[in-house]
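Worksheet: one structure, shown below.
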Amino acid sequence: LLRGGGRRGLARGDISGKGVSAALLMANLQAMLRMQADLHGDRLEDVVSAINQRLCAATGESRFATLFYGVFDSESRVLHYVNAGHNPPIVFRPSAGDGPLTQLDPTGSILGIFEDLEYRCHAVQLEPGDLLLVYSDGATEAMNEAEEFYGEERLKGLLPQLAGLPPQAVVEGILADVSRFSGERPQADDITLIAARVL
């Protein structure tokens with residue numbers, strides 16, 4: 001989402017369940033995000049709170065969503081974000097010595113269950129060369145023939161090997177590694193990956 005003034009919004013959501021009803025709810029979530037982002041602007045916590053209230057009103061208790069929504073300012077290189085129960089995106093910092101990985105942990109719970117939840121906006125300072133990876137649980141919960149999960153630790157361990165590549169090649173490298181790990185076992189869930197590098 002282009003937010004003006006060198007700011008760019010980035011979102012990744014996931015809906016419980018599968019099929020047509022889940023797809024329709026995801027389309028609804030996308031529309032809500034665009035509308036609330038225009039309405040509340042830089043108040044990301046208000047954007048996500050409003051989405052949660054509308055999802056609660058529109059869905060039953062059997063449906064919920066996770067959402068990561070961040071806005072990156074290219075001038076200050078600060079990423080403001082709200083993580084509503086989504087898999088923690090990873091920031092890989094090639095220039096850092098110890099602890100080059102930072103997780104953007106949830107700042108609030110899942111959407112669509114409790115109407116009065118509060119969400120917090122956090123910020124992370126990014127530097128040139130940093131790599132941001134936003135992913136769905138289809139990657140980390142991919143299973144092999146021994147019924148082992150691919151897992152977050154395997155994904156984190158792969159990033160240093162891929163970090164010097166262009167973002168598209170990072171995505172392709174992760175998909176290839178998940179495929180090698182899974183072997184002949186069919187993929188049970190969709191995989192979505194967003195890789196972005198700070199210039």
Show your reasoning for whether side chain to side chain contact (heavy atoms under 4.5 Å, CB included) applies to Leu33 and Val47. CA-CA 7 Å; Leu33 175 61; Val47 171; 4.0 Å; yes
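- For the atom pair Arg12 CZ and Tyr135 OH, the distance stands at 11.0 Å (nearest 0.5 Å).
- With values rounded to the nearest 0.5 angstrom, Ser49 atom OG is found 7.0 Å from Tyr119 atom OH.
- With rounding to the nearest 0.5 Å, the separation of CD in Glu152 from CG in Asp137 is 10.0 Å.
- A distance of 12.0 Å separates CD in Gln36 from CG in Leu44, rounded to the nearest 0.5 Å.
- Residues Arg7 and Asp73 are in side-chain contact: their nearest non-hydrogen atoms beyond the backbone lie under 4.5 Å apart.
- One hydrophobic cluster holds both Phe64 and Leu25 under the rule that ILVMFWY side chains link at heavy-atom gaps under 4.5 Å.
- Proximity of Val78 to Leu126: side-chain heavy atoms (C-beta onward) are nowhere separated by under 4.5 Å.
- With rounding to the nearest 0.5 Å, the separation of NZ in Lys156 from OG1 in Thr140 is 10.5 Å.
- For the pair Asp130 and Arg93, the salt-bridge criterion is met [side-chain N within less than 4.0 Å of a carboxylate O].
- Evaluated for a side-chain contact (heavy atoms from CB on, under 4.5 Å) with Leu117, the options Leu111, Asn52, Val48 yield exactly one hit, Asn52.
- Taking every heavy atom of both residues into account, Pro106 and Arg120 meet most closely at O-NH2, 4.4 Å.
- Annotation: the span from Gln53 atom CD to Met32 atom CE amounts to 11.0 Å, rounded to 0.5 Å.
- Under the 3.5 Å distance criterion, with hydrogens and angles disregarded, a donor-acceptor pair is assigned to the side chains of Arg63 and Ser21.
- In this structure, Gln187 places its CD atom where more than 12 heavy-atom neighbours from other residues, nucleotides or ligands lie under 6.0 Å away.
- Annotation: side chain of Phe92 is in contact with side chain of Pro160 (closest heavy-atom distance under 4.5 Å).
- When hydrophobic clusters are built by joining Ile, Leu, Val, Met, Phe, Trp and Tyr residues whose side-chain heavy atoms come closer than 4.5 Å, directly or via intermediates, Val82 is not grouped with Leu104.
- Within the 6.0 Å centre-distance limit, the rings of Phe68 and Tyr81 are counted as a close aromatic pair.
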Show your reasoning for whether side chain to side chain contact (heavy atoms under 4.5 Å, CB included) applies to Glu184 and Glu145. CA-CA 7 Å; Glu184 298 299 318; Glu145 293 171 359; 2.9 Å; yes
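- Asp177 and Tyr150 are linked by a side-chain donor-acceptor pair at a separation below 3.5 angstrom, with hydrogens and angles left out of the test.
- A salt bridge is absent between Asp42 and Arg3; no separation between the charged side-chain nitrogens and carboxylate oxygens falls under 4.0 Å.
- Residues Leu2 and Arg8 are in side-chain contact: their nearest non-hydrogen atoms beyond the backbone lie under 4.5 Å apart.
- With hydrophobic clusters built from ILVMFWY side chains whose heavy atoms lie under 4.5 angstrom apart, Ile191 shares a cluster with Leu158.
- The two residues Gln125 and Ser76 have their closest heavy-atom pair at NE2-O, 2.9 Å.
- Cluster annotation: Leu132 and Phe72 are assigned to the same hydrophobic cluster (Ile/Leu/Val/Met/Phe/Trp/Tyr, side-chain heavy-atom contacts under 4.5 Å, transitive).
- Here the closest non-hydrogen pair linking Ile194 and Leu10 is CG2-CD1, 3.8 Å.
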